[in-house]
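Below: one structure, written as structure tokens.
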Amino acid sequence: MDATSATGVLHPYWPRDLLIPTYVANDRSMSEILVFLFSVSGLFLLVTWLITGQKGKTGRLGTWRRLAVCWFAVCGFIHCVIEGWFSLYYDIIPADQSFLSQLWKEYSKGDSRYVIADNFTVCMETVTAWLWGPFSFWAVFAFLTNKPYRFVLQLIISLGQLYGAVLYFYTEHRDGYSHSELGHPIYFWFYFVFMNVLWIIIPLVLIVDAWRQLSAAQTQTDNKKSKRN
């Protein structure tokens, strides 16, 4: 249900008295936008899954490692393209009818900070887009070519994603979850919670994995040094 702000402009965002004087309602449906998002993400996942299934110089990657590389491929797309768009056009999104702007206006029903150019959100998304996006694609390349620094990249990216996601939730918690309809099954639980908690759970798992891999490599190096001495 739309609400009228103090300027008389109808909008569907919380809090209900939010000022968005330039807001123009989407002309694309929620289903169109979500189908695009999940179709393109699924395509990246499928293509990466097929590529990682090829036998390389060091053999085939295991299932777990292939899934991790797929995750980085999807992250690269979301960070560079979708969040990259926000970082460039956050100031015109409420009035813009480009497809990606409409995607952000739809998502903002779960977090209206994205239609008011909230300082934290702009800064966090800009760092994510221009740092973790390219780094995610770099990680895909590193794993496919068996680069020795691949787990260092995995650790750095995952720490950055985890830190950003924790701050994202914590800042909204301190605001009393005022930028969404608290408890709404789609806008709050699916958009705000589910679509973001993935960047806490999966990075945590990848941090532990990178920690183990790097610790094992360091142990081998230490053992070799001790044998020489």
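Numbering starts at 1 and runs along the sequence shown. Just so it is clear, the values below take in all heavy atoms, side chains as well, and ignore hydrogens, waters and symmetry mates. If you're wondering where the values come from, they're calculated on a predicted model, not measured in any experiment.
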Please work out which of the three classes, parallel, tilted or perpendicular, describes the rings of Trp71 and Trp199, given edges at 30° and 60°.
tilted
With a 4.5 Å cut-off on side-chain heavy atoms, are Met195 and Leu37 touching?
yes
Tell me if a side-chain donor or acceptor on Ser98 pairs with a main-chain N or O of Ser101 at a distance below 3.5 Å.
no
His173 and Tyr177 aromatic ring geometry - parallel, tilted or perpendicular at 30°/60° bounds:
perpendicular
Can we call the ring centroids of Phe141 and Trp138 under 6.0 Å apart?
no
Mind checking who shares a hydrophobic cluster with Leu67, ILVMFWY linked at side-chain heavy-atom distances under 4.5 Å?
Trp49
Flag side-chain contact, heavy atom, 4.5 Å: Ile116 against Thr121
no
Backbone N or O of Pro203 within a donor-acceptor pair of the Gln161 side chain at under 3.5 Å?
no
So if I apply the ring-ring contact (aromatic ring centres under 6.0 Å, His included) rule between Tyr168 and each of Tyr163, Phe192, Phe120, which one comes out positive?
Phe192
On a heavy-atom basis, which atom in Ile156 and which in Trp132 lie closest, and how many Å separate them?
CG2-CZ3, 3.8 Å
Does the side chain of Glu125 pick up a donor-acceptor pair with the side chain of Tyr114 at under 3.5 Å?
yes
Could you tell me whether the side chain of Tyr23 reaches within less than 4.5 Å of the side chain of Pro12, counting heavy atoms only?
yes
The complete set of salt bridge (charged side-chain N to carboxylate O under 4.0 Å, His left out) pairs with one or both residues in residues 182-204, sequence neighbours excluded, reads none
Would Phe86 and Tyr89 show up in the same hydrophobic cluster when neighbours are defined by side-chain heavy atoms closer than 4.5 Å?
yes
Closest contact, heavy atoms only, Arg66 versus Leu50
NH2-N, 4.4 Å
Side-chain heavy-atom pair Glu106, Asn26 within 4.5 angstrom cut-off:
yes
Is a side-chain N or O of Gln102 found less than 3.5 angstrom from the main chain of Asp27, in a donor-acceptor match?
yes
Minimal heavy-atom distance between Pro94 and Ile20, with the atoms involved, is CB-CG2, 3.8 Å
